Each structure stands twice: as structure tokens, then as C-alpha cells.
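Written out below as C-alpha cells is the structure these notes cover.
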Amino acid sequence: MTRQIQIDFTPEEYHDAALLRRRVGAAADESVRIVRRTLDCRRRNIVYHCTVEVGVEEVLDNQRIHNILTSVAPRVLIVGAGPAGLFAALRCLEHGLRPIVVERGKSVEERKYDIARITREKIVDPDSNWCFGEGGAGTYSDGKLYTRSTKRGDISKVLRTFVAHGADPDIMLDAHAHIGTDRLSGIIASMRRTIEEYGGEFHFSTRVEDLLAQEGSVKGVVDQHGNRIEATAVILATGHSARDIYELFRRRGWQLEAKPFALGVRVEHPQELINEIQYHGKGYSRLLPPAAYSLTAQAAGHGVFSFCMCPGGVIVPAATAGGQQVVNGMSNSRRNSPYANSGIAVTVSPEDIGSDDPLALLRFQQQVEAAAYHAAGDCIDAPTQRLVDFLKRRTSSTLGKSGYMGDIVSSPLHELLPPFIAESLAQGFRAFDRKMKGFITREAQLLAVESRTSSPVRIPRDRATLQHPQLRGLYPCGEGAGYAGGIVSSALDGIRCADAVSLQM
Ligand SMILES: Cc1cc2nc3c(=O)[nH]c(=O)nc-3n(C[C@H](O)[C@H](O)[C@H](O)COP(=O)(O)OP(=O)(O)OC[C@H]3O[C@@H](n4cnc5c(N)ncnc54)[C@H](O)[C@@H]3O)c2cc1C
């Protein structure tokens, strides 16, 4: 028998196991397990809000797949091995369906060499980069595992699956769990081995260029070599950077919709400064993790918000083809870099662009990325400006150090960014400084451009069957189709799509 207790601990109490046992009133033969914790630093008295389980220790229920496939199991083609595709594949196995995963990029083991080349030679392989390859954009991400919506599905199933494949069991208890880039590739490879062990297949370096569509029904795909791969159903989980997929839909006259997204910059501060602001001085830095923040404001008629904040992180060049400049953030499990970075993004909707073309927001995103590439001297150096100079609308004469995995180059971002974005960001930063005194500082720098926050296009699907309205058997899935944002929600959407496929079998 176990009982759950809600209790607050100071950071000192939290790190004192004997005191912790006394506070929850545990008997000598009882175990004490913290099953959920949230760090609350809104007031000077910083506390961990905890849910503690006292009594007989429970063992975590590891993810299990019961169905060993029969030789006649229906083949479900899954395009894209990101979180949506991988979780769809695992779920297919639970339904007795054989997942065939096709991925334009390479396995995690090979992909890392192409990623290293981006920094070393400033060359982006359009099939193998920070976004494309096994594990998708999630592999070299921060691995922050939370979704804002609890309605999307069983989050704990996703977390259990990560733990069963090598993630730290602590991710089950942190309200803002985090895996870290250094751990993710091993976890992704382990998920692949599970899928293969139970009868699934992986085909890397296989880029889908067309769908086998006949009389409103999809029967498979065609790859870049013209090979036809047939299947009973196709789950399309290609992520928000697969622009060639949106262009394919446009060419073939299949429905697409414009979807509001967000665009801005990545702001970088010394981590020590963020710790001091968030922890009300220097005292707690020793006991607490590198501090995070989450900020929102309304400015010039737009929402401005912090996005994918990475404490102790680095900034990465996340373009997926030549001629683009894109930044994103990530961190290792120990979050031990001296920098704190975060996307600061402004909402963009079709009304801002004045066009109802489904691809208008994608074109806008492409133009800003091309302008940033050009501003850097036609390469993937990051156009950079000190925050104080951005607010004063002047080019920075000097730049500070940066955790960008490449070179930074001084650039007038107040002119480079579309005027409504620049104005909203300026107002947003001033509002953030009122909430977090010291946010505006000479040490803070802005790097451009944070443009891959979510998909600017939606591939529509029927609410009940999750199939495209014109293409039976095609299940648009995950972030690229516009139904998720982030690792957990994409994984949950993969599970939903596999469930929808199984209902049609
Ligand atoms: C640097 C970085 C840091 C991030 N940090 C976080 C974080 O901390 N927390 C978080 O929740 N989210 C984070 N994200 C976002 C997160 O990674 C995505 O939301 C998530 O990966 C989306 O999952 P998905 O499966 O829908 O698409 P993706 O992960 O984009 O996967 C799509 C896959 O499809 C493949 N593909 C594309 N086109 C084709 C084709 N034509 N044929 C075959 N295969 C194709 C791609 O190669 C890719 O592997 C980060 C992203 C980046 C880039």
C-alpha cells in the first residue's frame, strides 16, 4: 500500500534525504519516492512543490509490445522517422500492423557526421542536417518533454517509452522534464531496434517524392529513384521543414491550408545572469538547476513569447537547404554551457501577409530566411545584434561571445526583420524586462532568424478518420501536417494516427 502526499520542500530540504523522510512521516520500513516535482521560484522563498509516494515502492511498468507480427500483417508505410513517425511505428506493432518507416536522412550513427560538417564546412546536406535524419528534429533537440495540452493523449505512455529505451526515470516526475541532446541519439537507436525486433522495417536515405494515388485512394509512395513502395495505409509524418512535400501537394492539386505560426530571433544571455534574476540573487545557484524562464506579452497587436528556452544551452544552425539561415537551441543533459538562450517569436497569421494563398506564410518564412542568409554574406553565419542596440535601432559595433555553433556577424536586425516583427519584438522585450528586471542588458544578444517554430501550412484531415479529405488511406501526422508542436505532442499524434489506421483495417 502506498499513499500520496503533496508537500513543499526548500532546496536545502530537498537535498537532505533523512530530513525529507521525516517531513513526510515515513516509517522505517517504508520507501519514499518523489513522483512529481515543480520548482517554484516566483517568490523569494524558492520551493519545490512535490507529490511524494510513501509506502511500498512501485516498479515502473516498462513499455511492452505484446503482438509478434504474423507474416500477413498489413503494411503501414510511415514517412519520416521523427517523434511522430517512431511512435506511430511502435503503436502499429501494438495493433499487429507492420510498420515500414522510410526516412530521407541517415541513421543517427551516420547523421552526426553531416551535422558536424555543417559547423566545420558551413555546408548543409538537404537530406541530413539538424532537422532531417533518424529521430527527426527531435534528435539533436534539447529534449524538453512537455506539451501545453493534456487533452492530446497519454503523456505518461510517451515518457515510459523513452525511459524503457534509456532515458533517465526522473523524466517521469519533473513537471518540465528534459532529456538532453547527448542522450537522445542512443534512445532513438534503441527505439529503432525495438521496432525492427518486432517485425518493423527502416529504409534510410529514402526520400518520398510522390504518392501512389488512384481514384482518391493512396496505395503507397514513390522515392527519389522512382521506386514504388506499396502499403495498405500511409502515415505522412515529414515535419515542418519538408517544404518539398507541401510543393508536391500544390503541384498535384491536393488540399492545403495556411496555418498561423511564429517568427523572430533567438536571444542569448549569460546563464549566471538568468540564475540571478530567477533565483533572486546568487545564493541558490549551487543547489538548483540552471534557471529557465517563460515569458509572454501582447505587442503591436501580436503575441510575443519565449519559445524552446534552453538553460545552459547552445544555438545551432538549423537550415535544411542552401540559401537559408535559421537558428534553434538545444542543450546537453547537464545543461552546463555558460549561456541561456531562447527563441523569442511573434505570431504571424495570413492577415499579416494579406494573402489567402495556402503557401503564403511559407513564402514569407522563406523570404526572411533568405534575407538572413544574404545578410550574413551568403552563408550560415548568424546575423547578430546586441539587444540594447536592437532597441536603439543601431548596428552593433562590437559583439560579445556566443554559444552559436558557427560564426556570428554583426547585422542590423531591426532593418533585416519585417517591420511588424521588429516592432513587436522591441515592445515585447521591454515588457519582458518589466517582468524580469535585467533581461535587457548589454550582455544579451539576438541571433537571426528563429523561423521554424511550427508549421506555416496545415495538411487537412478528417476529424473522425484522420485521413486527408481527398486521399483515402493517407494520414497527415505530427508537426509538419500542423497537428502538433514539440516532441511529446508529435509523439502523441503519431499514436493517434496509428490508432486511426488500425480502425480502418
Ligand atoms: C534544434 C532543435 C531543438 C528543439 N528542441 C525541442 C525541445 O526541447 N522540445 C520539444 O518538444 N521540441 C523541440 N524541438 C522541436 C521538435 O524536435 C519537433 O517538434 C518534433 O521533432 C516534430 O516531430 P515530427 O515527427 O512531427 O517531425 P520531425 O521531427 O521534423 O521529423 C520529420 C522526419 O521526416 C523526414 N522527412 C521529411 N521529408 C521526407 C520525405 N520527403 N521523405 C522521407 N522522409 C522525410 C525528416 O528527415 C525527419 O526525420 C526542437 C527542434 C530543433 C530543430
Side-chain angles (χ1 to χ4, degrees), residues 77-89 101-108 111 114-115 125-148 158 176-181 184 188 202-211 221-224 229 234-248 266 292 307-311 313-320 326-331 335 341-343 405 450-455 459 476-494 497:
L77 202 75
I78 298 171
V79 189
L86 291 174
F87 277 82
V101 182
V102 293
E103 165 57 55
R104 72 193 296 161
K106 300 176 188 167
S107 66
V108 278
R111 185 181 171 191
D114 296 320
I115 301 254
D125 178 334
D127 289 317
S128 181
N129 48 58
W130 284 93
C131 294
F132 293 163
E134 189 181 18
T139 308
Y140 297 98
S141 72
D142 201 23
K144 288 183 286 296
L145 298 178
Y146 45 94
T147 171
R148 287 171 199 186
V158 173
H176 296 273
H178 159 248
I179 294 183
T181 307
L184 275 160
I188 300 292
F202 278 81
H203 299 265
F204 292 113
S205 300
T206 305
R207 185 177 61 248
V208 167
E209 292 199 337
D210 204 355
L211 303 179
V221 300
V222 183
D223 75 8
Q224 76 268 36
I229 310 171
V234 175
I235 295 179
L236 189 68
T238 44
H240 62 29
S241 292
R243 292 172 172 168
D244 35 11
I245 291 293
Y246 303 133
E247 300 293 353
L248 166 67
R266 194 151 275 261
F307 169 82
C308 184
M309 197 268 148
C310 299
V314 295
I315 301 179
V316 303
T320 46
V326 180
V327 289
N328 212 312
M330 66 158 200
S331 57
R335 288 185 155 162
N341 70 64
S342 176
M405 294 182 75
E450 179 86 21
S451 50
R452 307 281 175 98
T453 51
S454 68
S455 176
I459 305 179
C477 177
E479 188 162 34
Y483 300 98
I487 295 170
V488 173
S489 62
S490 299
L492 290 172
D493 201 53
C497 285

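Computed over heavy atoms, backbone and side chain alike; hydrogens, waters and symmetry mates excluded. Owing to the predicted nature of the structure, the values given are computational and were not obtained by experimental measurement. Both counts, for ligands and for their atoms, begin at 1 and track the order of listing.
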Of the backbone atoms (N, CA, C, O) and the side-chain heavy atoms from C-beta on, which set of D244 has a member under 4.0 Å from an atom of ligand 1: side chain, backbone, both, or neither?
neither

Please work out whether any backbone atom (N, CA, C, O) or any side-chain heavy atom from C-beta onward of C477 is under 4.0 Å from ligand 1, and answer side chain, backbone, both or neither.
neither

Protein contact to [atom] [nearest heavy atom, distance to 0.1 Å]:
{"atom": "atom 48 (C) of ligand 1", "value": "E103 OE1, 3.5 Å"}
{"atom": "atom 53 (C) of ligand 1", "value": "N328 ND2, 3.5 Å"}
{"atom": "atom 19 (O) of ligand 1", "value": "E479 OE1, 2.4 Å"}
{"atom": "atom 25 (O) of ligand 1", "value": "A84 N, 2.9 Å"}
{"atom": "atom 16 (C) of ligand 1", "value": "I487 CG1, 4.0 Å"}
{"atom": "atom 36 (N) of ligand 1", "value": "R104 CD, 3.6 Å"}
{"atom": "atom 13 (C) of ligand 1", "value": "S141 CB, 4.0 Å"}

Subset of ligand 1 atoms that lie under 4.0 Å from at least one heavy atom of G486:
10 (C), 11 (O), 12 (N), 19 (O)

Distance under 4.0 Å to a non-hydrogen atom of G133: what atoms of ligand 1 satisfy this?
47 (O), 49 (O)

Geometric N/O contact S490 with ligand 1, under 3.5 angstrom
yes

Just distances here: any N/O of K144 and N/O of ligand 1 closer than 3.5 Å?
yes

